[in-house]
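Worksheet: the structure to be examined is printed underneath.
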Amino acid sequence: MPLTYSSYLQLPGLLELQRPRSTPPEHDEMLFIVIHQVFELWFTLVLHEADKVKGDFSANDLYAAIPTWKRLRTILKTLVGQLDILETMTPLSFASFRDRLDTASGFQSFQFREIEFVFGYKRAQVTRYVPEQAGQRTAAERRLGERSVVDHFYDFLAQRGVAVPAELLSKEVTEPTQPSEALQDELLRVYQQQPELVILFELMTDFDEGFQEWRYRHIKLVERTIGAKRGTGGSPGVEFLKQSLWKPLFPDLWAIRHRM
Ligand code: HEM
């Protein structure tokens, strides 16, 4: 049998994976499952692209990095748009099957934690909420201990003649990205003198904005669907999620704008 569309994509297995738990079946549970699965597939791609861009940065390959950042920002914008579909589900409809989720929650998404960590938003304490299931917590912890995209960005900048402060180059890998005034001064100079890098910086800013938009839209989705209820993952819900709101992944790229 020659390779077919179905066998290449392993469709029989993939399309077996949508299994609502409500009995009798609640219509909207299918939407809830499909949208989360689709998000997880996009998360896989985001991680795949992030690993590539790390290599591009360390190899000082600007023209390889640019299309990858374009792809990354487009995925993020798409993810934000897809939340509209889930918002067609009413709070009543969600309440009809929410108890079937038990303690399951996006809070436990190991790929989301990997994404936060790979882009430098590191917070070790959240890994304990990732279940020790099929190596998922280990995957999140591994990312925590790896150099982030931002660390590789510093390598790239150094190769482009930017004086990256020594404390940034030697920081602990498990620590989150910290803004640096000394780096901001340098970035400002690059903005004026190296226009090809401006393209890169703006794409990274697009991605960062997309990530922050995702957080904002997810919070609004949660607010309109469950209000002030606690999350199924056991956090206080909206109040927990707000802690990460408006926190950029690349703070230095935002901090210099009023100086231009
Ligand atoms: C009706 C829809 C949704 C509701 C009511 C909801 C609710 C929540 C709540 C309350 C939390 C806080 C943690 C906890 O459970 O205690 C949370 C976290 C999270 N949710 Fe959702 N969510 C929804 C849809 C989604 C979708 C479609 C995704 C896509 C994968 C998602 C991904 C996440 C992630 C990654 C977190 C962790 C965020 C962080 O730690 O900053 N959620 N969600």
Side-chain angles (χ1 to χ4, degrees), residues 17-18 20-22 26-48 50 72 75-131 133 136-137 139-141 143-144 176-177 207-249:
L17 300 175
Q18 296 70 43
R21 287 169 54 93
S22 48
E26 290 295 341
H27 183 80
D28 283 358
E29 193 180 356
M30 186 58 117
L31 164 69
F32 190 77
I33 291 173
V34 167
I35 200 130
H36 280 85
Q37 290 182 341
V38 168
F39 268 97
E40 288 293 337
L41 287 174
W42 284 122
F43 290 168
T44 301
L45 190 67
V46 168
L47 290 166
H48 186 63
L72 279 165
I75 296 170
L76 255 293
K77 302 272 174 189
T78 301
L79 290 185
V80 172
Q82 287 184 5
L83 289 175
D84 289 343
I85 309 172
L86 196 50
E87 286 185 345
T88 61
M89 178 178 73
T90 65
L92 261 183
S93 171
F94 184 51
S96 69
F97 64 89
R98 188 179 188 228
D99 61 328
R100 310 308 303 265
L101 304 179
D102 294 334
T103 55
S105 161
F107 203 32
Q108 299 165 332
S109 167
F110 74 104
Q111 291 204 106
F112 186 79
R113 294 300 169 227
E114 285 191 78
I115 290 175
E116 286 189 331
F117 296 164
V118 85
F119 288 102
Y121 191 82
K122 297 200 172 178
R123 36 181 185 163
Q125 68 280 16
V126 291
T127 57
R128 69 172 182 273
Y129 300 105
V130 177
Q133 190 181 359
Q136 298 186 354
R137 189 184 295 177
E141 285 168 347
R143 290 277 182 191
L144 184 71
T177 305
F207 175 81
D208 196 344
E209 191 172 283
F211 203 73
Q212 293 181 59
E213 277 174 44
W214 188 87
R215 290 198 192 274
Y216 171 77
R217 285 293 315 276
H218 174 255
I219 290 177
K220 286 291 146 193
L221 163 72
V222 175
E223 259 184 342
R224 68 185 283 166
T225 313
I226 62 168
K229 289 181 192 168
R230 287 186 74 83
T232 48
S235 88
V238 168
E239 285 315 309
F240 162 77
L241 295 168
K242 280 187 181 164
Q243 291 169 12
S244 300
L245 198 56
W246 315 133
K247 292 206 179 141
L249 298 171

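Order of appearance sets the numbers: ligands from 1, and atoms from 1 within every ligand.
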Which of the atoms of ligand 1 are close to [X], meaning less than 4.0 Å from one of its heavy atoms?
| X | answer |
| --- | --- |
| F32 | 1 (C), 2 (C) |
| F112 | 35 (C), 38 (C) |
| F94 | 5 (C) |
| R215 | 41 (O) |
| F240 | 39 (C), 40 (O) |
| G234 | 16 (O) |
| S105 | 13 (C), 14 (C), 15 (O) |
| R123 | 39 (C), 40 (O), 41 (O) |

Could you measure the distance from the [atom1] atom of [X] to the [atom2] atom of [Y]? Nearest 0.5 Å is fine.
| X | Y | atom1 | atom2 | value |
| --- | --- | --- | --- | --- |
| M89 | F97 | CE | CZ | 5.0 Å |
| R215 | K242 | CZ | NZ | 14.5 Å |
| L79 | E213 | CG | CD | 11.0 Å |
| Y121 | F211 | OH | CZ | 9.0 Å |
| T232 | I226 | OG1 | CD1 | 7.5 Å |
| L101 | I33 | CG | CD1 | 8.5 Å |

[X] contact mode with ligand 1 (heavy-atom cut-off under 4.0 Å):
| X | value |
| --- | --- |
| V126 | neither |
| E40 | neither |
| R230 | neither |

task: State which residue, out of F240, F110, F107, F112, fulfils the ring pair (Phe, Tyr, Trp, His ring centres under 6.0 Å) condition with Y129.
output: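 Only one option passes, and that is F107.
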Among all protein heavy atoms, pick out the one at the shortest distance from [atom]; state its residue, atom name and that distance to 0.1 Å.
| atom | result |
| --- | --- |
| atom 40 (O) of ligand 1 | R113 NH2, 2.6 Å |
| atom 1 (C) of ligand 1 | M89 CE, 3.6 Å |
| atom 10 (C) of ligand 1 | G231 CA, 3.5 Å |
| atom 13 (C) of ligand 1 | S235 OG, 3.2 Å |
| atom 9 (C) of ligand 1 | L241 CD1, 4.1 Å |
| atom 19 (C) of ligand 1 | H218 CE1, 3.4 Å |
| atom 7 (C) of ligand 1 | V222 CG2, 3.4 Å |
| atom 30 (C) of ligand 1 | F39 CB, 3.6 Å |

Could you tell me whether [X] and [Y] make a salt bridge, using a distance below 4.0 angstrom between a side-chain N and a carboxylate O?
| X | Y | answer |
| --- | --- | --- |
| E29 | R21 | no |
| E116 | K247 | no |
| E87 | R224 | yes |

task: Compare L101, I219, L86 and give the one whose heavy atom is closest to atom 2 (C) of ligand 1.
output: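 Ranked by closest heavy atom to atom 2 (C) of ligand 1, first place is L86.
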- request: Out of L221, L245, T225, indicate the one that has the non-hydrogen atom closest to atom 3 (C) of ligand 1.
  value: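 Considering heavy atoms of L221, L245, T225, the nearest to atom 3 (C) of ligand 1 sits in L221.
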message: Take a 6.0 Å sphere around CH2 of W42 and say whether it holds more than 12 heavy atoms from other residues, nucleotides or ligands.
response: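 Count not over threshold, so no.
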- request: Take Q37 and Q18 through the side-chain contact (heavy atoms from CB on, under 4.5 Å) test and state the conclusion after the steps.
  value: CA-CA 9 Å; Q37 290 182 341; Q18 296 70 43; 2.6 Å; yes
query: Should the pair W214 and F39 be assigned to parallel (<30°), tilted (30 to 60°) or perpendicular (>60°) ring geometry?
result: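 Judged by the thresholds at 30° and 60°, the geometry between W214 and F39 is perpendicular.
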- request: For the residue pair T44 and Q111, confirm or rule out a side-chain donor-acceptor distance under 3.5 Å.
  value: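 Side chains of T44 and Q111: pair found under 3.5 Å.
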message: For ligand 1, which is the ligand I care about here, please tell me if G233 has any N or O atom under 3.5 Å from one of the ligand's N or O atoms.
response: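 Yes, at least one N or O pair falls under 3.5 Å.
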task: Determine whether any heavy atom of W214 lies closer than 4.0 Å to an atom of ligand 1.
output: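 Yes; W214 lies near enough to ligand 1 that a heavy-atom distance drops under 4.0 Å.
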